Participant: 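Handing you this structure, nothing more for now.
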Amino acid sequence: MPAQKDYSQWTLEALLIEEKIFTKNRTLAVRIMGVLVVVMVFSIVITEIELIYFFAPLLVILEFFRASKKDKQNLEEIKAEIAHRNAK
């Protein structure tokens with residue numbers, strides 16, 4: 001597991017770029033999860049609950065949720081550091 005990043009050492013420009021990256025990644029993850037939910041529902045309706053078509057997207061969605069918790073924490077740290085620097 002990688003070490004926690006020290007955002008206090010980063011420049012303001014780097015923090016803003018990292019914030020944009022995290023925001024875009026979060027938006028992409030939400031869209032992918034939405035598509036996977038549609039695949040799950042479609043597979044239930046069409047294939048009459050084939051387990052592989054239900055559980056494979058479910059596992060991917062759960063992995064996105066797990067990863068999004070870390071990303072959300074990092075994004076909050078970045079926003080806090082940006083707010084701290086803007087307050088000076």
Side-chain angles (χ1 to χ4, degrees):
M1 190 161 143
Q4 186 69 17
K5 294 181 181 178
D6 185 16
Y7 293 115
S8 63
Q9 304 297 322
W10 290 33
T11 64
L12 183 60
E13 292 81 21
L15 288 170
L16 292 172
I17 290 170
E18 191 77 5
E19 181 184 26
K20 286 180 184 179
I21 290 170
F22 275 114
T23 305
K24 286 180 183 180
N25 287 346
R26 190 173 187 173
T27 304
L28 179 63
V30 168
R31 288 179 180 179
I32 291 172
M33 284 190 284
V35 168
L36 291 173
V37 168
V38 169
V39 167
M40 287 173 51
V41 170
F42 185 74
S43 69
I44 289 172
V45 170
I46 298 299
T47 63
E48 299 171 1
I49 307 180
E50 288 283 334
L51 293 180
I52 189 71
Y53 297 121
F54 180 77
F55 285 113
L58 182 63
L59 291 175
V60 173
I61 289 171
L62 292 175
E63 182 62 28
F64 273 118
F65 275 126
R66 186 188 63 76
S68 71
K69 287 182 183 180
K70 292 179 190 175
D71 287 347
K72 184 177 179 181
Q73 180 182 5
N74 286 339
L75 185 60
E76 288 173 359
E77 291 175 9
I78 290 171
K79 286 183 178 184
E81 184 63 31
I82 291 172
H84 174 70
R85 290 189 184 186
N86 287 337
K88 289 183 178 179

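The first residue of the sequence shown is numbered 1, and numbering continues consecutively from there. Source: prediction; values computed, not measured.
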Participant: Before you tell me yes or no, could you show the steps for K79 and E76 under salt bridge (Lys or Arg N to Asp or Glu O under 4.0 Å), namely the whole-Å CA-CA distance, both residues' side-chain angles and the distance that decides it to 0.1 Å?
Facilitator: CA-CA 5 Å; K79 286 183 178 184; E76 288 173 359; over 6 Å; no
Participant: Are L62 and V30 in one and the same hydrophobic cluster, where Ile, Leu, Val, Met, Phe, Trp and Tyr link if side-chain heavy atoms are under 4.5 Å apart?
Facilitator: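 Yes, because L62 and V30 connect within a single hydrophobic cluster, where side-chain heavy atoms sit under 4.5 Å apart.
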Participant: Using salt bridge (charged side-chain N to carboxylate O under 4.0 Å, His left out) as the criterion, list what pairs up with E19, not counting sequence neighbours.
Facilitator: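 E19: no salt bridge (charged side-chain N to carboxylate O under 4.0 Å, His left out) contacts found.
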Participant: At their closest point, which heavy atom of Y7 faces which heavy atom of R85, and how far apart are they?
Facilitator: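 In terms of heavy atoms, the two residues are closest at O-NH2, 3.5 Å.
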Participant: Does F64 belong to the same Ile/Leu/Val/Met/Phe/Trp/Tyr cluster as L59, with side-chain heavy atoms less than 4.5 Å apart forming each link?
Facilitator: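 Result: no, two separate clusters.
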Participant: Under the side chain to side chain donor-acceptor pair (under 3.5 Å) rule, what pairs show up with a residue in residues 32-42, not counting sequence neighbours?
Facilitator: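 For residues 32-42: none.
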Participant: Treat each ILVMFWY residue as a node, draw an edge where side-chain heavy atoms are under 4.5 Å apart, and state whether V39 and V60 are in one component.
Facilitator: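 In one cluster with V39: V60, no.
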Participant: If you measure from CG on L75 to NZ on K70, what distance do you get to the nearest 0.5 Å?
Facilitator: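 These two atoms lie 16.0 Å from each other.
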Participant: Nearest 0.5 Å, what's the CD-CG distance between E77 and D6?
Facilitator: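 Going from the CD atom of E77 to the CG atom of D6 covers 9.5 Å.
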Participant: Check for me, please, whether L36 and F55 land in the same ILVMFWY cluster - side-chain distances under 4.5 Å, paths through other members count.
Facilitator: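 Yes; F55 is reachable from L36 via cluster members.
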Participant: Rounded to the nearest 0.5 Å, how far does CG of N74 lie from CG of N25?
Facilitator: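 Atom-to-atom, N25:CG and N74:CG are 11.5 Å apart.
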Participant: How far does CG of L28 sit from OG1 of T23, to the nearest 0.5 angstrom?
Facilitator: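 It comes to 12.5 Å.
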Participant: Going by the rule side chain to side chain donor-acceptor pair (under 3.5 Å), which residues pair with T11 if we only count those two or more places apart in sequence or in a different chain?
Facilitator: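 In terms of side chain to side chain donor-acceptor pair (under 3.5 Å), with neighbours along the sequence ignored, T11 is linked to no residue.
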Participant: Go through the steps for L58 and M40 under the test side-chain contact (heavy atoms from CB on, under 4.5 Å), then give the verdict.
Facilitator: CA-CA 8 Å; L58 182 63; M40 287 173 51; 4.3 Å; yes
Participant: For the atom pair CD (Q73) and CZ (F22), what is the distance rounded to the nearest 0.5 Å?
Facilitator: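 Rounded to the nearest 0.5 Å, the CD-CZ separation comes to 10.0 Å.
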Participant: Taking all non-hydrogen atoms of both residues into account, name the closest pair between L15 and E81 and its distance.
Facilitator: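 Distance-wise, the nearest heavy atoms are CD1-CG, 3.5 Å.
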Participant: Quick one: CD on E13 to CG on L16, what's the gap to the nearest 0.5 Å?
Facilitator: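 Interatomic distance, E13 CD to L16 CG, rounded to 0.5 Å: 7.0 Å.
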